[in-house]
Structures are given as structure tokens and as C-alpha cells.
Amino acid sequence: MAWILLVLAGLLEVGWAIGLKYTEGFTRPLPTALTLVSMIASIGLLGLATKTLPIGTAYGVWVGIGAVGAAILGIVLFKEPASAARLGFMALMVVAIIGLKVTSGH
């Protein structure tokens, strides 16, 4: 169950990271409110996951999901660069996330 919470927390991190772009410096009320709700929910779920998962593993996976997800959506939504090097480093992050899961002992 902790892993499910952690993945949901990571997906919500992607949501608030992308939401930051839509807030336009927290000047747009609806995107700002949705971003803040996503932040709170993401950190709350991360906190619940760390009740049973090691903090280093949970935090690393959470950050990794958020970083890779935000980078992918940045490419898709905002036409950010998708160079071979950038995609390769995102792939390395996915490998790191999987490695943390496999070696966590949970």
C-alpha cells in the first residue's frame, strides 16, 4: 500500500510542478488553488508512505517521478527540447527509480 501512496504522491508532484507554469507567478486564482491542493496532497501522501518505506527511498522515488513526469509533460505541453541527451538522462532517472524500489527491501 505504501508504494501505491508513493506513486500517487509522485504523480501529484508532476501535477503541481506543471501547475506552477499555469499559475503565471500565482496570479491566476484557479490554477494557483489547484496547484496548492496538489502540493498538499502530494506531500501528505509522501508522509504516509514514509511511515513504512525508508525516507531515502521514498523521497528519491517521489522526486524522480516528479522530475521525469514534469520533463515529459514539459516536452509535450510546452514544446521544451527533447534532445537525445535529455531523453537519455530521463531514462537514467527511471532506472534509478526502479533501482531504489528493487533495493528498498519493501
Side-chain angles (χ1 to χ4, degrees):
M1 184 60 148
W3 282 102
I4 293 169
L5 296 175
L6 183 58
V7 169
L8 290 174
L11 294 174
L12 284 166
E13 186 189 5
V14 173
W16 68 256
I18 295 300
L20 286 173
K21 185 80 166 171
Y22 288 106
T23 69
E24 295 181 10
F26 298 104
T27 61
R28 296 179 63 209
L30 182 59
T32 296
L34 293 172
T35 298
L36 292 174
V37 167
S38 293
M39 286 177 172
I40 292 165
S42 178
I43 292 170
L45 290 172
L46 173 62
L48 291 173
T50 61
K51 288 172 78 174
T52 56
L53 296 175
I55 188 66
T57 298
Y59 185 73
V61 169
W62 180 71
V63 168
I65 292 170
V68 171
I72 290 169
L73 286 179
I75 291 166
V76 172
L77 297 174
F78 308 122
K79 308 299 182 226
E80 294 176 358
S83 67
R86 189 168 190 212
L87 296 174
F89 286 117
M90 287 192 306
L92 287 174
M93 290 177 73
V94 170
V95 169
I97 293 167
I98 293 167
L100 286 171
K101 163 65 172 114
V102 170
T103 62
S104 74
H106 286 90

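Side chains included, hydrogens not; waters and symmetry mates left out as well; all remaining heavy atoms used. Here the structure is a predicted model, which means the values were calculated and not measured.
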TODO: Just grab all the side-chain hydrogen bond (donor to acceptor under 3.5 Å, both in side chains) pairs involving residues 65-87, residues at least two apart or on different chains.
DONE: Glu80-Arg86
Task: Test side-chain hydrogen bond (donor to acceptor under 3.5 Å, both in side chains) applied to Arg28 - qualifying residues, sequence neighbours left out - done: none
TODO: Calculate, to the nearest 0.5 Å, the distance between atoms CG and CG belonging to Leu53 and Leu100 respectively.
DONE: 11.0 Å
Task: Nearest heavy-atom neighbours spanning Ala71 and Met90 - done: CB-SD, 3.1 Å
- [ ] Report the residues that fulfil ring pair (Phe, Tyr, Trp, His ring centres under 6.0 Å) with Phe89, sequence neighbours left out, ordered by chain and then residue number.
- [x] none
TODO: Using the rule that two of Ile, Leu, Val, Met, Phe, Trp, Tyr join whenever any of their side-chain heavy atoms come within less than 4.5 Å, decide whether Leu77 and Val14 are in one cluster.
DONE: yes
- [ ] Would you mind listing every ring pair (Phe, Tyr, Trp, His ring centres under 6.0 Å) that reaches into residues 7-31, with sequence neighbours excluded?
- [x] Tyr22-Phe78
Task: Nearest-0.5 Å distance that lies between atom CD1 in Ile65 and atom CG in Leu12 - done: 10.5 Å
TODO: Identify whether Val102 and Val94 are in the same connected component of the hydrophobic contact network (ILVMFWY, side-chain heavy atoms under 4.5 Å).
DONE: yes
Task: Close side-chain approach of Lys21 and Leu73, heavy atoms under 4.5 Å - done: no
Task: Ile75 CD1 to Leu87 CG distance, which is reported to the nearest 0.5 Å - done: 5.0 Å
- [ ] Report yes or no: do Val63 and Leu6 belong to one cluster of Ile/Leu/Val/Met/Phe/Trp/Tyr joined by side chain heavy-atom distances under 4.5 Å?
- [x] yes
Open item on the list: Check for me, please, whether Ile43 and Leu8 land in the same ILVMFWY cluster - side-chain distances under 4.5 Å, paths through other members count.
Closed with: no
TODO: Report the distance from atom CD1 of Ile55 to atom CG of Leu46, rounding to the nearest 0.5 Å.
DONE: 6.0 Å
TODO: Decide whether Ile98 and Ile72 are clustered together by the hydrophobic rule: side chain heavy atoms of Ile, Leu, Val, Met, Phe, Trp, Tyr closer than 4.5 Å, transitively.
DONE: yes
Open item on the list: If hydrophobic residues (ILVMFWY) are linked whenever their side-chain heavy atoms come closer than 4.5 Å, directly or via other members, who joins Leu34 in its cluster?
Closed with: Leu30
- [ ] Hey, could you give me the CD1/CG distance between Ile97 and Leu92, rounded to the nearest 0.5 Å?
- [x] 11.0 Å
Open item on the list: Taking side-chain hydrogen bond (donor to acceptor under 3.5 Å, both in side chains) as the cut-off, I'd like each qualifying pair that reaches into residues 45-73, sequence neighbours left out, listed once.
Closed with: Ser42-Trp62
